[in-house]
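Contents: one structure, followed by commentary.
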Amino acid sequence: MDHPTGSPDARAARHRRLCEADHRHLWHPFTQMQDWLAEEPLVVDSADGVHLVDTLGNRYLDGVSSLWCNVHGHRVKAIDDAIRAQLDRVAHSTLLGLASTASIECAEELVRHLPRGLTRVFFSDAGATAVEIALKMAFQHHQLRGDAARTEFVALRGGYHGDTIGSVSVGGIDLFHRIFKPLLFDVHHAPQPYCYRCPLGKEPASCGMACADAVEQVFAERPGRIAALVMEPVMQGADGMIAQPPGYVRRMREICDRHGALLVCDEVATGFGRTGTTFAVEQDGVVPDILTMAKGITGGYLPLAATVTTERVFESFLGPYEEKRTFFHGHTYAGNPLACAAATASLRLLREERVIEGLPAKIAALARALEPAARMAHVGEVRQRGLMVGLELVRDRATREEYAYALRSGHEVMLEARRLGAILRPLGNVVVLMPPLAMTERELEQLAAIALASIEKVTARI
Ligand code: PLP
């Protein structure tokens, strides 16, 4: 692979060649490729701390943590060194029938960070696989306990749990999931806690969390049938950073307990400090039966995921070989040693550098920097939980009228933000900020300023 020389001409030539090759061979995820092929891509070439650098040498704040996974910044010495040291031992060995040093150390370190009671770690390699595993684990758990009628799942509208068929089944975003409906298993979808656009037409001050009652109603109508409730705690990310009222997760825990179902909390997005606590469930003092994680587990370095559970769930799978209680599920790269080494290093940094303890000041700085949004004509709501932020753009603040899909308001803001030096990735009309935990207060202020300036400029013309 050729590398850029100091000459601007050589850089430009290399950039053009890479763009052409991208257009010739790549199919990008969640991307309308007709638009993509008509535009010149930004090609990331390297990174440095919380900045990404493109092939032309431009630097950008990594405003969405390279799709919500980077934690400590890029090229962090402790994580780089851990991966290099692991490379000198073994890059990959399997967890099917063998143990490995890197996966043992990683699980041990991970359990130190988990809510008390979650002690059993099942590794895989993506958020979607972690959720797929949770579904099968919950289902089989009830089967093995002789509760054979518990075959159904409850999930929230607006939920996102990944793109495999099981995780799409529990997903609730029409735009992504509707076309696959004939392939999916039936799931009971309950109203989401979206206070700005309450699906029940209520007001937060007086509703008494009626949307939580609606979840319980589903359980009440299906006595003894529900295996688990699957949800993103505190913030439904991919639907546009839909923040839940305090106490909502606790209500979900109570409902599951009353009805004998498992609570599966998907912390693929919210895990590892994003909402201000290591895991979002801590904010409601909740311990789920199964917790899924991926993205930030390696600090955003390598693909690794985990489905963690209690000894109670684990024990239902134990028995004599011939009883076939085994969990027949596994992925080739489960617990990959390089990824585990990165995760152990990242988790140690979280602990030893007291990263979570340092978050309140950063969260407050980001909130302060976003205060002007409350007075902007086309920002309907600012939803912030820790360092996860959604700014919902509206055509009309009074009526909350949405911008038409075809206007691509979020996309336009993203393009403007690039010109100002930040990488964003919107969700429809919601501008998302999800910076690495490592951003300084000054960098968070810069990021917020770029986002607000971009919104101002774009909404003035669309
Ligand atoms: N679950 C949640 C809550 C997510 O936000 C995501 C991805 O954004 C996933 C699952 C899927 O993760 P992956 O893309 O690693 O499969």
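The shown structure was predicted, so the numbers you read here are calculated from the model rather than taken from an experiment. Position 1 is the first residue of the sequence; numbering continues from there. Numbering of ligands and ligand atoms starts at 1, following listing order.
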What is the nearest protein non-hydrogen atom to atom 12 (O) of ligand 1, stated with its residue, atom name and distance? Gly127 CA, 3.2 Å
Is the contact between Lys295 and ligand 1 made by the side chain, the backbone, both, or neither, using heavy atoms and a 4.0 Å cut-off? side chain
Show, in sequence, the C-alpha distance, side-chain angles and deciding distance for Val53 and Arg59, and conclude whether the side chain to side chain contact (heavy atoms under 4.5 Å, CB included) test is met. CA-CA 5 Å; Val53 184; Arg59 289 166 62 81; 4.0 Å; yes
Just which atoms of ligand 1 are under 4.0 Å from any heavy atom in Glu232? 3 (C)
Run the side-chain donor-acceptor check on residues 228-248: report pairs under 3.5 Å with partners two or more places apart or on a different chain.
unit_1 : atom_1 : unit_2 : atom_2 : d
Glu232 : OE1    : Gly237 : N      : 2.9
Glu232 : OE2    : Tyr160 : N      : 2.9
Gln236 : OE1    : Gln192 : NE2    : 2.8
Gln236 : NE2    : Arg157 : O      : 3.1
Asp239 : OD2    : Gln192 : NE2    : 3.2
Gln244 : OE1    : Val234 : N      : 2.7
Gln244 : NE2    : Glu232 : O      : 2.7

Between Leu350 and Glu109, is the side chain to side chain contact (heavy atoms under 4.5 Å, CB included) condition met? List the steps. CA-CA 11 Å; Leu350 267 188; Glu109 177 65 35; over 6 Å; no
Provide the number and element of each atom of ligand 1 under 4.0 Å from a heavy atom of Ala126. 15 (O), 16 (O)
Approximate separation, where rounding is to 0.5 Å, of Ile173 CD1 and His161 NE2: 8.5 Å
Verdict with supporting geometry, His72 and His74, ring-ring contact (aromatic ring centres under 6.0 Å, His included): CA-CA 7 Å; His72 308 285; His74 299 272; over 10 Å; no
More than 12 non-hydrogen atoms from neighbouring residues, nucleotides or ligands closer than 6.0 Å to CD on Glu352, yes or no? yes
Might you check, step by step, whether the distance between atom 14 (O) of ligand 1 and some protein heavy atom is under 4.0 Å? no
May I ask you to list the atoms of ligand 1 that are less than 4.0 angstrom from any heavy atom of Gly162? 9 (C), 10 (C), 11 (C)
How far is atom 9 (C) of ligand 1 from its nearest protein heavy atom, and which residue and atom name does that atom have? Val268 CG1, 3.6 Å
Is it true that Thr270 and Glu267 share a donor-acceptor pair across their side chains at a distance under 3.5 Å? yes
For atom 5 (O) of ligand 1, closest protein heavy-atom neighbour: Ala269 CB, 3.6 Å
At a non-hydrogen distance cut-off of under 4.0 Å, which region of Trp68 contacts ligand 1 (side chain, backbone, both, or neither)? side chain
Among protein heavy atoms, which sits nearest to atom 16 (O) of ligand 1, and what does the distance come to when rounded to 0.1 Å? Ala128 N, 2.8 Å
Are more than 12 heavy atoms from other residues, nucleotides or ligands located less than 6.0 Å from atom CG of Leu183? yes
For atom 1 (N) of ligand 1, what's the nearest protein heavy atom and its distance? Asp266 OD2, 2.6 Å
